[in-house]
*Asks:* 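Structure provided below as structure tokens; questions to follow.
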Amino acid sequence: MTVDPSEQHTLVLTAFPVEADAVLSHTTLDVDPVVIADRRHFYLGSIRGKKVIVAMTGIGLVNATETTETALAHFSSTVGAVVFSGVAGGAGRTGIADVAIPARWTLDNGTTFRPVDAGMLAAAETLSVALESTRRMRHEPLLLVGGDGCSYDNNNGQAFPGIPHGGGVFGCLPRTAPDRSFFYAGNFFQAAWPWLRHGLISNAKVLAAADPAFDATDSETAAAQAVADGHGVPFLGIRGMSDGPGDPLRLPGFPFQFFIYKRVAAVNAARVTAAFLGRWPGA
């Protein structure tokens with residue numbers, strides 16, 4: 001499949017299958033939607049009338065960096081903007097099932113920040129989206145635009161390996177991908193041994209993903225933004241809260257909350273992403 005260079009697309013990134021499936025549920029795929037570049041799978045289609053390229057980066061900063069670089073190199077001038085849609089840890093202003101669209105992101109725990117695209121942020125500020133709740137939740141989920149987001153490296157500079165048939169979190173392809181294959185192994189054989197040797201380390205941020213200094217904490221967004229900024233491409237991060245305050249089950253934080261609330265968080269992030277694409281005039 002080739003992409004018409006005269007058409008501008010928004011690159012919509014996700015990290016793992018649950019997030020990608022939530023975005024693909026809003027996507028009308030092209031007749032021949034699959035593009036493979038550097039072993040990474042990209043899906044062409046449209047969301048709310050906007051042309052998109054949907055991709056799953058894999059978990060972590062290294063995967064997010066490499067996939068964004070591959071996409072912007074392969075699709076070149078056809079990518080007019082980048083949006084990252086996924087789940088995050090919340091704290092302070094954000095709780096479980098809320099969605100945050102931070103005004104700026106940091107890769108170094110707040111020492112430096114990169115602002116998102118001002119026009120995209122302004123469009124996000126006009127959104128009103130009905131968000132999904134969970135049973136016994138004591139508040140209606142909120143959409144919060146502005147504030148800060150932070151992305152951490154929990155893999156000691158290594159690419160986290162996707163796991164063949166690894167389910168909704170660790171799998172190598174979206175479960176609703178049009179080219180889903182029983183044999184596809186993603187980056188597993190390239191990344192597994194280096195990650196086991198150098199990336200499997202204790203990291204306090206894994207045990208305490210939510211940080212009250214930030215509205216959203218994750219492992220990909222700021223890395224993807226750094227690549228987009230380097231290419232001069234507008235960027236926005238949209239994150240639904242899978243862990244943090246407001247847990248009706250009172251689970252002991254990450255990762256317990258994450259595995260219970262990842263679906264509602266991904267669904268809400270994808271809803272906001274679709275609403276944003278419908279409202280935003282484009283790059």
Side-chain angles (χ1 to χ4, degrees), residues 13-20 38 40 55-72 82 84-91 94 100 102 104-116 147-163 166 169-172 186-188 190-231 235-244 253-255 257-259 262 265-266 269:
L13 298 173
T14 65
F16 52 83
V18 168
E19 297 174 342
D38 192 22
R40 292 172 171 83
M56 197 181 86
T57 65
I59 295 169
L61 298 183
V62 174
N63 286 327
T65 297
E66 292 178 350
T67 303
T68 311
E69 286 281 12
T70 296
L72 295 182
V82 179
F84 209 113
S85 177
V87 310
T94 52
R104 58 182 190 168
W105 286 85
T106 179
L107 272 169
D108 53 19
N109 200 30
T111 301
T112 60
F113 286 90
R114 292 177 179 269
V116 301
D148 296 336
C150 181
S151 298
Y152 295 108
D153 179 14
N154 292 324
N155 299 290
N156 199 28
Q158 302 298 311
F160 187 88
I163 300 175
V169 175
F170 304 111
C172 300
N187 70 343
F188 180 77
Q190 295 79 24
W193 179 238
W195 183 78
L196 288 171
R197 290 186 62 195
H198 304 294
L200 184 60
I201 61 172
S202 175
N203 188 311
K205 290 301 179 183
V206 174
L207 301 178
D211 188 326
F214 307 106
D215 291 329
T217 59
D218 64 46
S219 299
E220 297 87 22
T221 305
Q225 180 187 15
V227 175
D229 288 353
H231 286 262
F235 179 89
L236 191 71
I238 299 173
R239 288 284 181 168
M241 302 304 117
S242 59
D243 42 277
F254 183 89
Q257 290 177 331
F258 166 80
F259 282 103
K262 65 184 183 299

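Heavy atoms only: backbone and side chains are in, while hydrogens, waters and symmetry mates are out.
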*Asks:* Restricting to non-hydrogen atoms, name the atom on Gly149 and the atom on Phe113 that form the minimum distance, rounded to 0.1 Å.
*Replies:* O-CE2, 4.3 Å

*Asks:* Looking at Asn187 and Gly162, would you say the former's side chain and the latter's main chain have a donor-acceptor pair under 3.5 Å?
*Replies:* yes

*Asks:* List for me each residue that meets side chain to side chain contact (heavy atoms under 4.5 Å, CB included) alongside Thr14, sequence neighbours excluded, and say none if there are none.
*Replies:* Glu19, Ala20, Val23, Met56

*Asks:* Which residue, Asn63, Thr67, Thr57, forms the side chain to side chain donor-acceptor pair (under 3.5 Å) with Arg40?
*Replies:* Thr67

*Asks:* Atom CH2 in Trp195, atom CD in Gln190: separation rounded to 0.5 Å?
*Replies:* 16.0 Å

*Asks:* Any side-chain heavy atom of Phe235 within less than 4.5 Å of one from Val227?
*Replies:* no

*Asks:* Got a second to check how far Thr68's OG1 is from Phe84's CZ, nearest 0.5 Å?
*Replies:* 7.0 Å

*Asks:* Return the minimal non-hydrogen interatomic distance between Ser151 and Leu61, and the atom names on each side.
*Replies:* CB-CD2, 3.9 Å

*Asks:* With a 3.5 Å distance limit and no angle check, can you tell me whether Ser219 reaches the backbone of Asp153 through a side-chain donor-acceptor pair?
*Replies:* no

*Asks:* Atom OG1 in Thr217, atom CG in Asp148: separation rounded to 0.5 Å?
*Replies:* 12.0 Å

*Asks:* So which atom in Ala224 and which in Leu13 form the shortest heavy-atom distance, rounded to 0.1 Å?
*Replies:* CB-CD1, 4.0 Å

*Asks:* Using only atom types and a distance under 3.5 Å, with no angle test, would you say the side chain of Gln257 pairs donor to acceptor with the backbone of Gly244?
*Replies:* yes

*Asks:* Please name the pair of heavy atoms, one in Val18 and one in Ala266, separated by the smallest distance, quoted to 0.1 Å.
*Replies:* CG1-CB, 3.7 Å

*Asks:* Using only atom types and a distance under 3.5 Å, with no angle test, would you say the side chain of Asp243 pairs donor to acceptor with the backbone of Gly253?
*Replies:* no

*Asks:* For Phe188, give me all partners under ring-ring contact (aromatic ring centres under 6.0 Å, His included), at least two apart in sequence or on another chain.
*Replies:* none

*Asks:* So, does Gln225 use its side chain to make a donor-acceptor pair with the main chain of Pro115 at under 3.5 Å?
*Replies:* yes

*Asks:* Before giving the answer on side-chain contact (heavy atoms from CB on, under 4.5 Å), spell out for Ile59 and Phe170 the whole-Å C-alpha distance, their side-chain angles and the decisive distance to 0.1 Å.
*Replies:* CA-CA 8 Å; Ile59 295 169; Phe170 304 111; 4.2 Å; yes

*Asks:* Would you check if the side chain of Asp108 reaches a backbone N or O of Thr112 as a donor-acceptor pair within less than 3.5 Å?
*Replies:* yes

*Asks:* Is the shortest side-chain N to carboxylate O distance from Glu220 to Arg239 below 4.0 Å?
*Replies:* yes

*Asks:* With sequence neighbours left out, what residues match Asp229 under salt bridge (Lys or Arg N to Asp or Glu O under 4.0 Å)?
*Replies:* Arg114

*Asks:* Identify the two heavy atoms, one from Val87 and one from Phe16, that lie closest to each other, and give their separation to 0.1 Å.
*Replies:* CG2-CZ, 3.8 Å

*Asks:* Of the non-hydrogen atoms in Gly147 and Asp215, which two are nearest, and what is the gap between them?
*Replies:* CA-OD2, 3.4 Å

*Asks:* Find out whether Phe259 and Val169 are in side-chain contact, i.e. whether some heavy atom of one side chain is under 4.5 Å from a heavy atom of the other.
*Replies:* yes

